[in-house]
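Read through the structure below, which is laid out as structure tokens, and then see the notes.
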Amino acid sequence: MKRIIIIGASSGIGRRVAIDFAEKGWKVAIAARRLALLQEIRSQYPENIICAAIDVAADNAAEQFYNLIEMNGGADVVLYAAGVGWNNPTLNPQEDMDTVAVNVSGFTRIVNAAYRYFRDTANAQRGQIAVITSVAATKGIGVSASYSASKRYEQTYLQALGQLARMQKAAVDITDIRPGFVSTPLLKEGKKYPMLMNLDHAVPLIEKAILQRRRTCTIDWRWRILTGLWRIIPECIWVRLPVKM
């Protein structure tokens, strides 16, 4: 039986992936801060799902993560789906720091621990670390400075881990999943977002990227085109564009 650990499974993408993999017969361990929401998911699939409360911003998050792996009997895939972010044109300091706490510090704690687990464990098959990053990492977006910067950090860290794994001959694959706007509680209710995707459209594409062990995957084709165009815009022009997202 395949085993997956999902961090950030109480809602949105992480929740849907947990349910789908449980239905596929995987052994699923889910974690987030809100234990009650995790228990609701577990009650649907008590034979396949276990859960634990983990705050990725806490100093002991890595220890709790290892405990969850042990409870699950090991791990073949670790999916980091936790993330926060706001449009913050006023540069509210607390919103920026909360973003960094989850998307940078929390991400680093869990992904670092996951890499060391796969590197140091003699699994029969290669392990996999998958992370939900964002197309927002393509450029620094003025109204979401900390969010776009934190997602750039995640993508660069994953790229570095991929290189490190080859250098160390570590049995771990890295998957960087880059969705555009997906209709989840992370988005502001009532606001219109460009090229918004619902979970029924986005999640199967995300799961396909995991199962195919893709190195990077932008969700979906419209965002691949847009981010490709973004990349070729010179900075001297980009900073003059009134990008609102």
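Computed over heavy atoms, backbone and side chain alike; hydrogens, waters and symmetry mates excluded.
No more than 12 heavy atoms of other residues, nucleotides or ligands sit less than 6.0 Å from atom CE of M97. Few gaps surround CD on Q44; more than 12 heavy atoms of other groups in view lie less than 6.0 Å from it. The 12-atom threshold is exceeded at CD of E23, counting heavy atoms of other residues, nucleotides or ligands nearer than 6.0 Å. The neighbour count for D59 CG, taken as heavy atoms of other residues, nucleotides or ligands under 6.0 Å away, does not exceed 12. In E70, the CD atom is not crowded: 12 or fewer heavy atoms of neighbouring residues, nucleotides or ligands sit closer than 6.0 Å. With a 6.0 Å radius and a threshold of 12 heavy atoms from other residues, nucleotides or ligands, R224 has its CZ atom above the threshold.
In this structure, I7 is a member of the same hydrophobic cluster as M71, with clusters built from ILVMFWY side-chain heavy atoms closer than 4.5 Å. In this structure, L37 is not a member of the same hydrophobic cluster as I19, with clusters built from ILVMFWY side-chain heavy atoms closer than 4.5 Å. One hydrophobic cluster, built from ILVMFWY side chains closer than 4.5 Å, holds both I13 and M195.
The two residues V182 and A202 have their closest heavy-atom pair at CG2-CB, 4.0 Å. Smallest separation of non-hydrogen atoms from M1 and G25: CG-O, 3.3 Å. The shortest non-hydrogen separation linking V239 to C236 is CG2-O, 3.7 Å. Across R215 and Q159, no two heavy atoms sit closer than the pair NH2-CA, 3.0 Å. Annotation for A29 and N72: closest pair CB-CG, 3.7 Å, computed over non-hydrogen atoms. For R42 against I49, the heavy-atom pair with the smallest separation is NE-O, 3.0 Å.
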Next item on the list: Please test V78 against F65 for side-chain contact (heavy atoms from CB on, under 4.5 Å), starting from the C-alpha separation and ending with a verdict.
Entry: CA-CA 10 Å; V78 172; F65 169 71; 3.9 Å; yes
Note to self: Pair N103, K151 - check side-chain contact (heavy atoms from CB on, under 4.5 Å), show working.
What the structure shows: CA-CA 7 Å; N103 298 359; K151 292 300 178 178; 4.0 Å; yes
Next item on the list: Quick one: do V28 and Y45 satisfy side-chain contact (heavy atoms from CB on, under 4.5 Å)? Show the steps, please.
Entry: CA-CA 9 Å; V28 182; Y45 304 92; over 6 Å; no
Check: Please walk me through it: do Q212 and C217 pass side-chain contact (heavy atoms from CB on, under 4.5 Å)?
Finding: CA-CA 10 Å; Q212 292 182 344; C217 183; over 6 Å; no
Next item on the list: Test side chain to side chain donor-acceptor pair (under 3.5 Å) on Q128 and T175 and set out the steps.
Entry: CA-CA 7 Å; Q128 181 183 13; T175 298; 2.8 Å; yes
Item checked: salt bridge (Lys or Arg N to Asp or Glu O under 4.0 Å) assessment of R126 paired with D173 -> CA-CA 7 Å; R126 294 178 63 84; D173 295 321; 3.0 Å; yes
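Contact check for V111 versus L158: side-chain heavy atoms found under the 4.5 Å cut-off. A 4.5 Å side-chain heavy-atom check between Y115 and I129 finds at least one atom pair inside the cut-off. Within the 4.5 Å cutoff, no side-chain heavy atoms of I4 are placed close to those of D76. Side chains of L241 and I233 form a contact here, defined as non-hydrogen atoms less than 4.5 Å apart. Side chains of Y153 and V100 form no contact here, defined as non-hydrogen atoms less than 4.5 Å apart. At a threshold of 4.5 Å between non-hydrogen side-chain atoms, the residues R15 and I41 count as touching. In this structure the side chain of R178 reaches within 4.5 angstrom of the side chain of Q155, judged on heavy atoms. The shortest distance between side-chain heavy atoms of I174 and V172 falls below 4.5 Å.
At distances below 3.5 Å, not a single donor-acceptor pair connects side-chain atoms of T121 with backbone N or O atoms of F118. Looking at R33, its side chain never comes within 3.5 Å of a backbone N or O of D55 through a donor-acceptor pair. For the pair R231 (side chain) and T138 (backbone), a donor-acceptor distance under 3.5 Å is absent. Of the possible donor and acceptor atoms, none in the side chain of R166 sits under 3.5 Å from a partner among the backbone N and O of G162. T133 places a side-chain N or O within donor-acceptor distance of the main-chain N or O of I177, the cut-off being under 3.5 Å. In this structure, Y117 contributes its side chain and I69 its backbone to no donor-acceptor pair below 3.5 Å. In this structure, R109 contributes its side chain and A58 its backbone to a donor-acceptor pair below 3.5 Å.
Classified by interplanar angle (parallel below 30°, tilted 30° to 60°, perpendicular above 60°), the ring pair W230/W223 is perpendicular.
Interatomic distance, CH2 of W26 versus CZ of R3, reported as 10.0 Å (0.5 Å rounding). M197 contributes atom CE, which lies 10.0 Å from atom CG of L199 (distance to the nearest 0.5 angstrom). We find the CG-CG distance between D220 and L205 to be 6.5 Å, quoted to the nearest 0.5 Å. Once rounded to the nearest 0.5 Å, the distance linking CZ of F107 with OH of Y80 reads 8.0 Å. Considering OG of S11 and CG of L38, their distance stands at 9.5 Å, rounded to 0.5 Å. Interatomic distance, I132 CD1 to I206 CD1, rounded to the nearest 0.5 Å: 4.5 Å.
Using modelled atom types and a 3.5 Å distance limit, the side chains of Q94 and D98 yield a donor-acceptor pair.
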